[in-house]
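Keep in mind the model is a prediction, meaning the values are calculated, not measured.
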Amino acid sequence: MKFIDAGQVADALPFSLLIEALATSFANPGIVPLRQHYDIANPHGGRETTLLMMPAWQAGKQIGVKLVTVAPDNAEPGLPSIQGIYLLMDAVTGSVLATMDAPALTAKRTAAASALASRFVSRPDSTHLLMVGTGTLAPQLIQAHMAVRPIKRVTIWGRDRHKAEAVADKLRSLPVQLDVATELQAAVSQADIISCATLSRTPLIQGAWLQPGQHLDLVGAYRPDMREADDDCIRRSRIVVDNYQGACKETGDLVIPIQSGLLSPSALAADLFELCGGAKVFQRQAQDITLFKSVGHALEDLVAAQLVYQRLGAQDVM
């Protein structure tokens, strides 16, 4: 059995195809149990490592399981913060069809889910994207948003300006104006779409900075004690999530406002299952501020893995 490496996974998942595959599957999902989430103490004094186990399956088709770790302190030794593996199996025989690089799969499907949500709730004429964060997800999110909106300018902000410049340099071949911001507040106020993918424990985006008509895409804050946006962002926004169950339990961007009484789960406008399946229609007003909170869903991984397997061909991965 051949392992499908990160480069092969990335090449097999153009956003034009992956976004449509996700839309189809959110409308007709298989079985997706709530993912298992374990925090593992670091005896050396650093932040905890998180172990995620995410299964999903479609009866008569395939089973997928993702095993990944998130180690927030890995930047210092120069290691990726997300590492792991994805197993794709035949649901009838139980045979393992393929194993593949999970971080590459995760980056692609996460960015595609944000773009899918943006297609439903951001302004169709959005041309200026602000990318907050300089990690692995940043280039993927930029390209995914470009696949659904007529982005002409991309501004990148990070705590480390050199890392922001490195992301910009990596993307110079894209047909957009690329620049690096030094002041986050000014950059937020000027953008149409603000995409955040960080490991911040405290809010980076202040609701007071937001302008009518903007869309906020929150991808980080994967734990209940982490936040990328403050209470004012929550108060001012119409909020869509990828799935209610995970969003109301796993991310501090929503858990903390829910616990304080600021936000009721019933106030969430929709999730991707409802939007893709047609159970709800999101009617955007010109002055609305919209917010998509991504927590990740095992269905996204299964769809992406199936697409990789289909596009590479069974003969290329066995």
Side-chain angles (χ1 to χ4, degrees), residues 37 39 47-48 50 52 70-73 75 81-82 106-107 110-111 113-115 117-118 121-122 129-142 144-145 154-160 163-164 167 181 183-211 214-243 246-260 262-263 267-269 271 289-297:
H37 186 287
D39 294 323
R47 287 182 285 179
E48 295 173 318
T50 299
L52 297 172
V70 184
D73 293 334
S81 59
I82 300 175
T106 301
T110 301
S114 283
S118 181
V121 305
S122 71
L129 170 69
L130 169 63
M131 184 67 238
V132 178
T134 58
T136 301
L137 269 171
Q140 302 298 334
L141 283 161
I142 290 168
H145 281 290
V154 174
T155 301
I156 302 166
W157 180 90
R159 288 190 176 94
D160 185 329
K163 291 183 179 179
V167 174
E183 289 289 334
L184 181 58
Q185 179 176 351
V188 167
S189 67
Q190 297 169 14
D192 297 316
I193 297 173
I194 302 133
S195 184
C196 302
T198 73
L199 296 175
S200 181
R201 286 186 175 272
T202 57
L204 292 169
I205 309 299
Q206 308 296 310
W209 303 345
L210 299 177
Q211 305 298 313
Q214 289 182 313
H215 173 60
L216 187 55
D217 171 41
L218 301 180
V219 179
Y222 62 92
R223 290 167 43 124
D225 61 349
M226 299 173 73
R227 294 191 74 174
E228 292 186 304
D230 71 358
D231 281 352
D232 280 341
C233 289
I234 302 302
R235 186 180 293 111
R236 298 186 64 192
S237 300
R238 297 180 65 194
I239 302 172
V240 168
V241 298
D242 48 6
N243 71 101
C248 293
K249 177 183 177 182
E250 297 181 10
T251 171
D253 278 321
L254 299 184
V255 169
I256 294 171
I258 288 172
Q259 290 176 341
S260 72
L262 173 69
L263 177 68
L268 300 178
D271 71 4
I289 296 172
T290 55
L291 186 157
F292 173 63
K293 179 55 213 174
S294 169
V295 292
H297 196 270

T155 and side-chain contact (heavy atoms from CB on, under 4.5 Å): which single residue from I194, V188, L130 fits? L130
Residue pair L184, W209: steps toward the side-chain contact (heavy atoms from CB on, under 4.5 Å) verdict: CA-CA 10 Å; L184 181 58; W209 303 345; 3.9 Å; yes
Where do L218 and A229 come nearest, in terms of heavy atoms and distance? CD1-CB, 3.7 Å
Minimal non-hydrogen separation, S195 against L141, with atom names: OG-CD1, 3.7 Å
Please tell me if the side chains of D192 and S122 come closer than 4.5 Å, counting only heavy atoms from C-beta onward. no
For residues M131 and H145, determine if any side-chain heavy atom of one lies less than 4.5 Å from a side-chain heavy atom of the other. no
Kindly say whether A111 contributes a backbone atom to a donor-acceptor pair with the side chain of S114 at under 3.5 angstrom? no
Correct closest heavy-atom pair for G296 and D242 would be N-OD2, 2.8 Å
Going from CZ on R223 to CZ on R201, what distance comes out if it is rounded to the nearest 0.5 angstrom? 5.0 Å
Answer yes or no: is there a side-chain heavy-atom contact under 4.5 Å between T106 and L137? no
State whether the side chain of R227 and the backbone N or O of P203 hold a donor-acceptor pair below 3.5 Å, judged by distance alone. no
Return the CG to OG1 distance between D39 and T50, rounded to the nearest 0.5 Å. 4.0 Å
So, does D230 use its side chain to make a donor-acceptor pair with the main chain of Q206 at under 3.5 Å? no
side-chain contact (heavy atoms from CB on, under 4.5 Å) between T290 and V240, worked out: CA-CA 8 Å; T290 55; V240 168; over 6 Å; no
Walk me through whether T134 and D160 qualify under side-chain contact (heavy atoms from CB on, under 4.5 Å). CA-CA 8 Å; T134 58; D160 185 329; 5.8 Å; no
Closer than 3.5 angstrom, by distance alone: can the side chain of R47 be matched with the main-chain N or O of P72 as a donor-acceptor pair? yes
Is the shortest heavy-atom distance from the side chain of I193 to the side chain of Q214 under 4.5 Å? no
G133 and T198: which non-hydrogen atoms are nearest, and at how many Å? CA-CG2, 4.0 Å
Look at the side chain of D253 and the backbone N and O of E228, then say whether any donor-acceptor pair between them is shorter than 3.5 Å. yes
Are any of the side-chain heavy atoms of R159 and S200 separated by less than 4.5 Å? yes
Can you tell me if R236 uses its side chain to pair, donor with acceptor, with the backbone of L210 under 3.5 Å? yes
Verdict with reasoning, V295 to N243, per side-chain contact (heavy atoms from CB on, under 4.5 Å): CA-CA 8 Å; V295 292; N243 71 101; 3.6 Å; yes
Looking only at side-chain N and O atoms, does Q140 offer a donor or acceptor that is under 3.5 Å from a partner on T110? no
Under a 3.5 Å distance rule, please check whether S189 uses its side chain to pair with a backbone N or O of A186 as donor and acceptor. yes
May I ask you to say whether K293 pairs ionically with D217, meaning some side-chain N is under 4.0 Å from a carboxylate O? no
So, for P257 and G252, which heavy atoms are closest and what is the spacing to 0.1 Å? CD-O, 3.4 Å
Could you check whether any side-chain heavy atom of C196 comes within less than 4.5 Å of a side-chain heavy atom of V219, counting everything from C-beta outward? no
SG on C233 to CD1 on I289, rounded to 0.5 Å: 8.0 Å
4.5 Å side-chain heavy-atom contact, S81 and D73: no
Do M226 and T251 make a side-chain contact, defined as non-hydrogen atoms from C-beta onward lying under 4.5 Å apart? no
For L291 and S237, which heavy atoms make the closest approach, and how far apart are they? CB-CB, 3.7 Å
Would you give the length of the straight line joining atom CG of D271 to atom NE2 of H297, rounded to the nearest 0.5 angstrom? 8.5 Å
